[in-house]
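Proteins come first, then strands; the chains are lettered A, B, ... in the order of their sequence lines, and each starts at number 1.
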Amino acid sequence: MVKDSGHSSAESTVFKSRRLKRPRMQGRTYTADAEPGDTVKVAGWVHEIRDLGGIAFLILRDKSGKIQVKFEKDEMDDDLVETGLGVHRESVVVVEGDVEEEPRAPTGVEVTPESVEVLADADPELPLDPSGKVDAELSTRLDNRTLDLRKDEVKAIFEIRAEVLRAVREKFRDVYATEINTPKIVATGTEGGTELFPITYFGKEAFMNQSPQLFKQLMVGSGLERVFEIGPIFRAEEHNTPRHLNEATSIDFESAFADHQEAMDVCEAVVKAAYEAVDENCQEELEALDLQDEFEAPEGDFPRLSYEEAIERINATGKLDEQLVWGDDLPTEGEKALGEDVGTHYFITDWPSEIKPFYIKDHDDDEQLSTGFDMMHPNMELVSGGQREHRYEHLVEGFEQQGLDPESFEYYTKMFKYGMPPHAGFGLGGERLIMTMLGLGNIREAVLFPRDRQRLSP
RNA sequence: GCCGACGUGGUGUAAUCCGGCGAGCAUGCGGCCCUGUCGCGGCCGUGAUCCGGGUUCGAAUCCCGGCGUCGGCGCCA
């Protein structure tokens, strides 16, 4: 049988499906697998009904794509027609019938139904329109995320997110890192108590962890040596921007016997691996997002600018009202100006020690200069990392200088007395990676159920 | 934490400056017609000014408070 017409045609790509294997379960055929000549049972949601009078079409949608079901009123059983065309949009139905080649159908194939069963009727008034004829605001979409995720372009974001996480895990494994999971309920935070969510833990004060930083460092001194974690972090800051979440996904890496340069190497490799995997495996999703032409994996090495060069270049753009001086943190506006100037992902290295956290090691030959680095997308910060302070006395000193009580971090510091190797690592914002990769206007688009300052449900 | 903008049918918008006829349009929903739609089409119908108070002959529109939403900065991933 010739299969080169129909659902492999270029104009019908949105109806086709992704590369995932599709097992047949309970005799069900995914719409993308329905071939002319097959007798199938397809199940999914009623995407649309187009009633032309004597003939009518029901578009059935499932995870793999869409397929057209044909109803010819004069030639088919009245009950069958009534069931098939009386159902509301977005209801769940099972259709059994024969698949035929049909050039006039959107995918080139069409189902002539023998039976139609409504498994779950949908209310006629939907809180948003999954067929996408009328846009919904982000707030409405997030309140009705289940329906929102029936749209191809929204679903695509999360298929891509899954692919990014898969590729990132694989790259970490390639460099001999072991995936770990660390506690999210903790007694003390990483950098003090100000930005933590307090909770009650069997009558004791506890917090939601803002970063796996301290735990992953403890693991480089363990037999695991080189670890990574992909997990939630919680930040209680009351910001309200399109690039902040109060619950985010952190992609963390930490390695014994590595310095900040090597940590940057891994960071760069991981980000590139994510882009390459999406480029290779998610073309359909990119098309759904209308990014197939502009999406490209970053080429070449990410430039590594020193902090000093960074502020000089920002000052040279003339876009800031006030010139930056050594010791200033980079304001958002400055980051954007620099991003435009550089034009690709880049690192900022050699930050002043005073604006980096205590666990970052200073350069041996200059105490004012830290090994901390940030990795930037032209639009925003994605990563921060550095070589860590592994010397017990220096670490305790660092706590004191930041006004923290080393006693309350004893669980952490004491392990530095029993053979803690030099080490380095980084934390990468998972949602920011997705957001910048896909050019999403709001980071909430990259999370199924975002937690922000005012949103706690769903 | 500081600052700002916005809340109109189920959804998305117009009218808001400069108060005034029946709050318009699209989509949805309901009805009728239509045998190849693919944003199907045509006709008819349906449904809304966030809440409370104030100013006014008259408030979606102006003022005050509340609630909600979105954003800018700071800080960060």
- Taking the six-membered ring of A:Phe253, is NZ or CZ of A:Lys171 closer than 6.0 Å to its centre and within 45° of its axis? no
- Which nucleotide in the set B:U37, B:C75, B:C29 lies at the smallest distance from any side-chain heavy atom of A:Pro124? B:C29
- Query: Roughly, in whole Å, what's the span from CG in A:Leu138 to C1' in B:G12?
  - Reply: 14 Å
- Query: More 5' along RNA chain B: A:Pro127 or A:Gly53, using each one's nearest nucleotide?
  - Reply: A:Pro127
- Nearest to the side chain of A:Glu381, which nucleotide is it out of B:A77, B:C29, B:G12? B:A77
- Between A:Phe172 and A:Phe228, how do the two ring planes meet: parallel, tilted or perpendicular, split at 30° and 60°? parallel
- Could you check how far CE of A:Met76 sits from C1' of B:G36, rounded to whole Å? 15 Å
- Message: Students often mix this up, so state it plainly: with edges at 30° and 60°, are the rings of A:Tyr275 and A:Phe295 parallel, tilted or perpendicular?
- Response: parallel
- Message: Any donor-acceptor pair, under 3.5 Å, between the side chain of A:Arg432 and the base of B:C76, if you only look at N and O atoms?
- Response: yes
- Hey, does A:Glu110 reach any base, or is it just sugar-phosphate, or nothing, if we go heavy atoms under 4.0 Å? base
- Of B:U37, B:A26, B:G74, the nucleotide closest to the side chain of A:His244 is B:G74
- Taken to the nearest whole Å, CD/A:Glu238 to C1'/B:C3 is 15 Å
- Length of the line joining A:His239:NE2 and B:C70:C1', which is rounded to integer Å: 15 Å
- Task: Return no unless some side-chain N or O of A:Ser211 is found under 4.0 Å from OP1 or OP2 of B:A77.
- Result: no
- Query: Under 4.0 Å: is that the gap between some side-chain N or O of A:Lys133 and OP1 or OP2 of B:G28?
  - Reply: yes
- Task: Could you tell me which non-hydrogen atom of A:Glu287 sits nearest to which non-hydrogen atom of A:Gln292, and how far apart they are?
- Result: CA-NE2, 3.2 Å
- Task: Hey, which sits more toward the 5' end of RNA chain B by its nearest nucleotide, A:Ala105 or A:Glu137?
- Result: A:Glu137
- Should we say atom CD of A:Glu322 is surrounded by more than 12 heavy atoms from elsewhere, each under 6.0 Å from it? no
- Message: Under 4.0 Å, counting only non-hydrogen atoms across every strand here, what does A:Glu72 touch: a base, just sugar-phosphate, or nothing?
- Response: base
- Using 30° and 60° as the class limits, which term best fits the ring planes of A:His345 and A:Phe302: parallel, tilted or perpendicular? parallel
- Query: Taking the same atom, P, in B:G9 and in B:G45, what whole-Å distance lies between them?
  - Reply: 22 Å
- A:Leu382 near the nucleic acid: base, sugar-phosphate alone, or nothing, with a heavy-atom cut-off under 4.0 Å? sugar-phosphate
- Compute both the distance and the angle, then confirm whether A:Arg388 meets the cation-pi test with A:Tyr359: under 6.0 Å from the six-membered ring centre, within 45 degrees of the axis. no
- Task: Can you tell me, in whole Å, how much space there is between the C1' of B:G24 and that of B:G47?
- Result: 14 Å
- Query: According to the Watson-Crick and G-U wobble definitions, with both distances under 3.5 Å, which nucleotide is paired to B:U16?
  - Reply: none
- Have a look at A:Ser131 and say if it touches a base, only the backbone sugar-phosphate, or nothing, with a 4.0 Å heavy-atom cut-off. nothing
- Message: Mind checking if A:Asp135 touches a base, just sugar-phosphate, or nothing, with heavy atoms under 4.0 Å?
- Response: sugar-phosphate
- Identified pairing partner of B:G39, criterion: Watson-Crick or G-U wobble below 3.5 Å: none
- Message: By the 4.0 Å heavy-atom rule, please label A:Asn442 as base, sugar-phosphate, or nothing.
- Response: sugar-phosphate
- Item | Stepwise salt bridge (Lys or Arg N to Asp or Glu O under 4.0 Å) check, A:Glu163 with A:Arg166 | CA-CA 5 Å; A:Glu163 179 62 13; A:Arg166 188 203 61 74; 2.9 Å; yes
- Message: Both distances below 3.5 Å, Watson-Crick or wobble geometry, any strand: find the nucleotide opposite B:G52.
- Response: B:C64
- How about A:Thr31 and A:Ser64: does a side-chain donor come under 3.5 Å of a side-chain acceptor? yes
- Task: Give one of base, sugar-phosphate or nothing for A:Glu102, where a contact means two heavy atoms less than 4.0 Å apart.
- Result: base
- Item | Integer-rounded Å distance: B:C50 P and A:Gln454 CD | 20 Å
- Query: If we take the P atom in both B:U13 and B:C18, what is their distance in whole Å?
  - Reply: 24 Å
- A:Leu147 atom CG is separated from B:G12 atom P, nearest whole Å, by 13 Å
- Query: Do the non-hydrogen side-chain atoms of A:Glu90 and A:Leu126 ever get within less than 4.5 Å of each other?
  - Reply: yes
- Task: Counting Watson-Crick and G-U wobble pairs only, both distances under 3.5 Å, name the nucleotide matched with B:G28, or none.
- Result: B:U46
- Message: Between P on B:U69 and CG on A:Asp143, what's the gap in Å once rounded to a whole number?
- Response: 8 Å
- Mind checking A:His88 for me? I need base, sugar-phosphate or nothing, with any heavy atom below 4.0 Å counting as a touch. sugar-phosphate
- Query: B:A77 base to A:Arg243 side chain: any donor-acceptor pair below 3.5 Å?
  - Reply: no
- Can you tell me the distance, in whole Å, between the CD atom of A:Glu237 and the P atom of B:G72? 16 Å
- Message: Using a 4.0 Å heavy-atom cut-off, does A:Asp74 contact any base of the nucleic acid, only the sugar-phosphate backbone, or nothing at all?
- Response: base
- Message: Looking only at the side chain of A:Arg235 (C-beta and beyond, no hydrogens), which of the listed nucleotides B:C76, B:U37, B:C73 gets closest?
- Response: B:C76
- Message: Taking only the P atom of each, what is the distance from B:C21 to B:A60 in whole angstrom?
- Response: 10 Å
- Item | Whole-angstrom distance between B:U11 and B:G28, as gauged at atom C1' | 7 Å
- Sugar-phosphate only, base, or nothing, as touched by A:Leu245 at under 4.0 Å among non-hydrogen atoms: base
- Message: Nearest to the A:Thr140 side chain among B:A77, B:G12, B:C70, which nucleotide is it?
- Response: B:G12
- Between B:G71 and A:Arg444, is there an OP1 or OP2 to side-chain N/O distance shorter than 4.0 Å? yes
- Does a nitrogen or oxygen in the side chain of A:Gln210 sit under 4.0 Å from OP1 or OP2 of B:A77? no
- Report yes if a donor N or O on one partner sits less than 3.5 Å from an acceptor N or O on the other, where the partners are the side chain of A:Glu125 and the base of B:G28; otherwise report no. yes
- Checking all strands, does A:Ser384 fall into the base, sugar-phosphate, or nothing category for heavy-atom contacts under 4.0 angstrom? sugar-phosphate
- Message: For a quick check of understanding: with a heavy-atom distance under 4.0 Å over all strands, which category does A:Glu335 fall into, base, sugar-phosphate or nothing?
- Response: base
- Inter-nucleotide P distance (B:U46, B:C25), Å rounded: 12 Å
- Message: Using atom C1' in both nucleotides, what's the gap between B:G39 and B:G72 to the nearest angstrom?
- Response: 37 Å
- Message: Using a 4.0 Å heavy-atom cut-off, does A:Arg89 contact any base of the nucleic acid, only the sugar-phosphate backbone, or nothing at all?
- Response: sugar-phosphate
- Which base, if any, makes a Watson-Crick or G-U wobble pair with B:A5, both distances under 3.5 Å? B:U69
- Touch check for A:Arg141, heavy atoms < 4.0 angstrom, all strands: base, sugar-phosphate only, or nothing? nothing
- Task: Write down the distance separating the P atoms in B:G10 and B:G53, rounded off to the nearest Å.
- Result: 22 Å
